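What follows is a set of notes on a single structure, which appears directly below.
Bear in mind that the values here come from a model prediction, so they are computed numbers and not experimental data. Hydrogens, waters and symmetry mates are skipped; everything else that's a heavy atom, side chains included, is used.
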Amino acid sequence: THVKVLKHSSDDNHGTAISFTEKEREFLDYLNNHGGITIGSVKQLLHCSQIAADEMIVNLCALGIVEISYHDGECLLTLKD
């Protein structure tokens with residue numbers, strides 16, 4: 001899976017291709033198919049440590065691919081529109 005992230009530069013409209021790890025692809029596929037997941041459920045879904053899940057979430061949020069919202073007393077992760 002590749003995503004183009006556009007640079008904020010008026011002279012470069014090509015962007016940068018990003019490759020995702022297997023866990024990131026699994027996570028993004030899950031969000032695409034199910035709409036969202038709580039932060040606490042990510043480590044169970046991916047069978048990884050909480051630290052690894054948190055790092056992945058932070059990176060995907062920083063890239064503007066995933067967003068966090070507060071819903072029914074929990075933090076929900078969804079794909080950014």
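Under the 4.5 Å side-chain heavy-atom criterion for grouping Ile, Leu, Val, Met, Phe, Trp and Tyr, Y30 is not connected to V58 through any hydrophobic cluster. With hydrophobic clusters built from ILVMFWY side chains whose heavy atoms lie under 4.5 angstrom apart, L76 does not share a cluster with I68. The same ILVMFWY cluster, assembled from side-chain heavy atoms under 4.5 Å apart, contains both L79 and L60.
Within the 4.5 Å cutoff, side-chain heavy atoms of V66 are placed close to those of L28.
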Go through F20 and I65 one step at a time and tell me if the side-chain contact (heavy atoms from CB on, under 4.5 Å) criterion holds.
CA-CA 12 Å; F20 296 106; I65 298 168; 3.6 Å; yes
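Legend: residues meeting side-chain contact (heavy atoms from CB on, under 4.5 Å) with E67, ordered by chain and number and at least two apart, are T78, K80.
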Counting only pairs under 3.5 Å, give me each side-chain donor-acceptor contact of residues 35-56, with atom names and distances, residues two or more places apart or in other chains.
from: T38; atom 1: OG1; to: S41; atom 2: N; distance (Å): 3.4
from: T38; atom 1: OG1; to: S41; atom 2: OG; distance (Å): 2.8
from: S49; atom 1: OG; to: A52; atom 2: N; distance (Å): 3.0
from: Q50; atom 1: NE2; to: D54; atom 2: OD1; distance (Å): 2.8

